[in-house]
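Note sheet for the following structure.
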Amino acid sequence: MKKRLEALLRSTLRHCFEQGALAPCQVPAYVIEVPNDPNHGHFATNLALTLASSQKRPPREIALSIVENLMDPQGFLETAEVAGPGFINFRVAAREWCRALSKAVPLKDAYGRSDTGSGEHVLVEFVSANPTGPLHLGHGRGAALGDTLCRVLSCCGYQVVKEFYINDAGLQITILGESIWARFRQMEDPGYPFPENGYHGAYVLDLAEKIAAETDLTALSEAAAKAHCARRGKEIMLGEIKDDLYQFRVPFDVWSSESELYRTGSLEQTLEGVRGKGFLYEKDGALWIRTSDFGDDKDRVIRKKDGEFTYFASDIAYHLQKHQRGFTKAINIWGADHHGYVPRMKAALATHEISPEWLSVMLIQLVKLWEDGREVKMSKRAGSFVTLQELMDEVGVDAIRFVFLTKHHDSPLDFDINRVKRQDSENPVYYVQYAHARICSIFRKARAAGLTVPDELESLESYLVLEEELALIRMISVFPSRLEDIARSLEPHRLTYYLTELAASFHRYFNLGTKVSAHRIVTDDPDLSRARLFLAQGIKMVIANGLRLLGVSAPKSM
RNA sequence: GCGCCCAUAGCUCAGUUGGAUAGAGUGACGGACUACGAAUCCGUAGGUCGCAGGUUCGAAUCCUGCUGGGCGCGCCA
């Protein structure tokens with residue numbers, strides 16, 4: 001719809017220039033938007049305001065010229081009025097809205113798809129938790145955000161790869177092994193010392209029991225036993241992480257491993273590439289990279305005095321490889337506490353002439369958990385945290401995923417477990433799901449009354465005439481462009497707001513029928529009922545498609 | 001000390017990327033089912049968009065400075 005209006009305005013401007021109604025000029029950037037006040041019509045444009053300076057005429061006068069010369073031979077528009085300081089407000093003919101609905105509904109699951117991202121090949125890396133413990137709430141937020149973003153991107157025609165980077169090399173895994181070993185020894189000798197920086201969670205004891213049951217650790221040297229605990233502990237934890245994510249409906253395409261970068265030698269190889277460009281140097285017995293040449297505060301160590309590579313080294317290698325793999329864009333979802341790493345990562349990429357735009361880092365703020373009116377402090381090291389698994393058992397995947405996307409990712413999120421657990425209107429997910437279930441229920445009623453729910457229907461304009469009905473159609477029709485906005489802005493939370501608004505409009509519409517029986521969807525008039533059922537079909541379709549993108553179920557009854 | 005992020009109704013947060021009279025949810029109060037699902041709807045109340053300047057036709061949105069909060073500044077990951 002907006003695109004048709006845009007084309008109409010283009011030809012109108014051309015006409016104005018030819019007729020001399022406006023002085024020929026470069027058309028400045030202007031916007032066509034959906035006003036938030038319905039009195040301002042279906043669409044509004046600031047075109048005349050932006051033309052004012054180059055035309056050297058008052059904006060309202062320009063707007064009037066445009067309206068008078070409108071090129072609308074087919075009667076697409078019902079009204080076009082100059083308003084305020086020079087806005088032009090448009091109302092599109094009801095017939096056009098009804099046609100849009102007729103075209104949308106037969107698309108079913110495909111409604112919302114577009115090709116705006118065609119040609120783009122995007123790698124989205126998210127969660128990427130260390131396999132040293134179970135996933136917790138913060139990981140869940142990243143998983144919900146990343147997965148929904150990927151679903152929306154795919155829907156908009158982007159080619160997307162979902163990737164999990166496993167930090168399975170280095171010190172943390174060693175500490176995990178030592179922690180498991182210590183718990184194992186403590187079974188016999190309660191006084192056996194626990195490592196200073198060890199993992200204190202109860203799951204470490206479970207790991208110790210499990211590993212001891214499958215392998216006789218006492219037959220190994222202490223060093224070998226610790227190494228075994230580290231390797232097996234990592235495997236088991238990774239398995240649990242994968243299970244959790246599967247249950248959370250977050251299927252990854254690629255599991256990328258840090259230790260593989262070491263094993264295959266590709267880390268060294270990639271760093272040689274950086275060296276070849278002249279951005280590495282030795283100082284104080286360590287190897288440094290000149291990130292300060294590209295806006296970082298200072299240079300960074302990538303190989304320590306003791307010969308070990310830093311975490312940053314493998315991260316550089318990993319990201320350069322992402323680029324080599326041919327992606328046109330990379331998106332990382334990181335905890336906000338890592339924001340300091342963004343400049344250095346971009347600087348490292350810049351050593352290979354990779355634009356900072358190529359990598360988008362989405363920083364997610366912390367999740368604060370509240371239970372019984374108190375904040376539950378979480379610490380992985382201290383072993384006190386609520387796992388994603390526990391939360392899924394208690395609350396359910398639908399509610400968790402939805403709630404995680406009710407706020408901008410850059411805004412801290414308070415997760416009130418008592419509230420999310422409640423299966424009532426306190427919980428926003430049920431509001432949307434209920435609208436879907438309610439429509440399904442109406443369909444059952446309609447079929448029982450001998451009516452069919454049409455999948456295709458035209459000539460709706462003589463039946464769908466209520467302001468509420470046209471508002472619903474308009475809301476349905478913006479769904480594809482709303483998804484495009486989300487893909488462009490990387491802000492999936494807009495989807496929950498959109499769906500909540502759509503559900504609200506439907507509930508409001510439904511309630512008209514409780515006052516005036518003529519406004520019910522199923523009425524005595526079969527033709528009218530069919531048209532209204534068709535509209536309901538469209539609403540149901542958009543809710544179902546939207547919820548699918550959120551990874552939330554669309555129940556037929558509740 | 002330096003850097004990034006945030007500040008909007010009592011509370012939790014949106015705000016279409018610079019548009020018109022700033023909106024939802026929740027809490028408070030008052031209403032609507034013998035009729036398609038009341039997990040719903042309608043109404044009332046609630047605001048100096050942290051403060052002060054600046055940019056322009058126009059600012060919650062962009063720039064500067066302040067105040068208050070979160071996070072980060074390691075040869076840890």
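In the text below, chain A, chain B and the rest are named by the order of the sequence lines, each starting its count at 1.
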| query | When you look at NZ of A:K304, are more than 12 heavy atoms from neighbouring residues, nucleotides or ligands closer to it than 6.0 Å? | reply | yes

| field | Spacing of A:L533 atom CG relative to B:C36 atom C1', expressed in whole Å | value | 9 Å

| query | For atom P, what is the distance between B:G10 and B:U64, given to the nearest Å? | reply | 30 Å

| request: Side chain of A:H339 only, please: which of B:G37, B:C71, B:A32 is the nearest? | output: B:C71

| Are A:F87 and B:A20 stacked, counting the six-membered base ring, centres under 5.5 Å, planes under 30°? | yes

| note | Among B:C42, B:U40, B:C76, the one nearest any side-chain atom of A:R508 is B:C42

| Does a nitrogen or oxygen in the side chain of A:Y498 sit under 4.0 Å from OP1 or OP2 of B:A24? | no

| Interatomic distance where NZ belongs to A:K298 and P belongs to B:G74 [whole Å] | 4 Å

| request: Return the nearest nucleotide to the side chain of A:I442; candidates are B:C41, B:U16, B:G37. | output: B:G37

| said: Does B:U16 have OP1 or OP2 under 4.0 Å away from a side-chain N or O of A:H493? | reply: no

| said: Tell me which nucleotide, if any, is Watson-Crick or G-U wobble paired with B:A9 when both distances must be under 3.5 Å. | reply: none

| request: Take atom P in B:G65 and the same atom in B:C4, then report the distance between them in whole Å. | output: 10 Å

| request: Using a heavy-atom cut-off of under 4.0 Å over every strand shown, decide if A:R494 touches base, sugar-phosphate, or nothing. | output: base

| query | Is there a donor N/O on one and an acceptor N/O on the other, under 3.5 Å, for the side chain of A:D37 and the base of B:A22? | reply | no

| query | Could you state the CZ-C1' distance from A:F312 to B:C73, rounded to the nearest angstrom? | reply | 14 Å

| task | Considering just the side-chain nitrogens and oxygens of A:R488, establish if one lies under 4.0 Å of OP1 or OP2 belonging to B:U16. | result | no

| query | Which part of the nucleic acid does A:Y497 contact within heavy-atom distance under 4.0 Å: base, sugar-phosphate only, or nothing? | reply | sugar-phosphate

| field | Closest to the A:T310 side chain, choosing from B:C13, B:U21, B:C75 | value | B:C75

| request: Sort out the partner of B:U44 for me: Watson-Crick or G-U wobble, both distances under 3.5 Å, none otherwise. | output: B:A28

| Taking the same atom, P, in B:G18 and in B:A60, what whole-Å distance lies between them? | 13 Å

| Partner nucleotide of B:G72 by Watson-Crick or wobble geometry (both distances under 3.5 Å) | B:C2

| message | I'd like to check the side-chain contact (heavy atoms from CB on, under 4.5 Å) partners of A:S441; sequence neighbours left out, ordered by chain and number. | response | A:R444

| message | Looking at A:Q365, is its backbone amide N or carbonyl O close enough to the side chain of A:H409 to form a donor-acceptor pair, meaning the two atoms are under 3.5 Å apart? | response | no

| Whole-Å P distance, B:C62 and B:A20 | 15 Å

| said: Work out how far the P atom of B:A24 is from that of B:U16, and round it to whole angstrom. | reply: 16 Å

| note | Quick note, A:A44 side chain, CB onward, closest among B:C76, B:A20, B:C75 is B:A20

| According to the 5.5 Å centroid and 30° plane-angle thresholds, does A:F510 stack upon the nucleobase of B:C36? | yes

| message | Need the pair for B:C57. Rule: Watson-Crick or G-U wobble, both distances under 3.5 Å, any strand; none if unpaired. | response | B:G19

| task | For B:C66 and B:U40, measure between their P atoms and round to the nearest Å. | result | 48 Å

| query | Is the base of B:C5 syn or anti, where syn means the angle lies within 90° of 0? | reply | anti

| note | With the side chain defined as heavy atoms from C-beta on, A:A437 is closest, among B:A20, B:C75, B:G37, to B:G37

| field | A:A286 or A:K445, whichever maps to the more 5' nucleotide of RNA chain B | value | A:K445

| message | What contact category does A:D410 fall into here, base, sugar-phosphate, or nothing, at under 4.0 angstrom with non-hydrogen atoms? | response | sugar-phosphate

| said: Taking only the P atom of each, what is the distance from B:C5 to B:G58 in whole angstrom? | reply: 28 Å

| task | Take the protein atom NE2 of A:H409 and the nucleotide atom P of B:A14, then report the distance between them rounded to whole Å. | result | 11 Å

| field | Separation between the C1' atoms of B:C51 and B:G69, rounded to whole Å | value | 15 Å

| request: Can you tell me the pairing partner of B:A38 across any strand shown, Watson-Crick or G-U wobble, with both distances under 3.5 angstrom? | output: none

| remark: Side-chain atoms of A:K515 come closest, of B:A38, B:A32, B:A20, to B:A32

| task | Take A:R482 and A:R438, find for each the nucleotide of RNA chain B with the closest heavy atom, and name the residue whose nucleotide sits nearer the 5' end. | result | A:R482

| Can a donor-acceptor pair be found between the side chains of A:Y30 and A:E6 at a distance below 3.5 Å? | no

| query | Expressed in angstrom and rounded to an integer, what is the separation of A:F402 atom CZ from B:A39 atom C1'? | reply | 14 Å

| query | Does NZ or CZ of A:R530 come closer than 6.0 Å to the centre of the six-membered ring of A:Y463, within 45° of the ring's axis? | reply | no

| request: Using the side chain to side chain donor-acceptor pair (under 3.5 Å) rule, take A:N332 and A:K322 through it: C-alpha gap first, then chi angles, then the decisive distance, then the call. | output: CA-CA 11 Å; A:N332 287 359; A:K322 281 184 182 175; 2.9 Å; yes

| Any donor-acceptor pair under 3.5 Å linking the side chain of A:S257 with the backbone of A:S259? | yes

| remark: Quick note, A:D414 side chain, CB onward, closest among B:A39, B:C76, B:C13 is B:C13

| Separation of B:C5 C1' from A:L366 CG (nearest whole Å) | 12 Å

| field | Nearest-nucleotide pick for A:S411, side chain only, options being B:G37, B:U17, B:A14 | value | B:A14

| request: For B:U16, decide between syn and anti, treating a glycosidic angle within 90° of 0 as syn. | output: anti

| request: Look at the aromatic rings of A:H136 and A:H139 and report parallel, tilted or perpendicular, splitting at 30° and 60°. | output: tilted

| query | Whole-Å distance between B:C4 P and A:K346 NZ? | reply | 14 Å

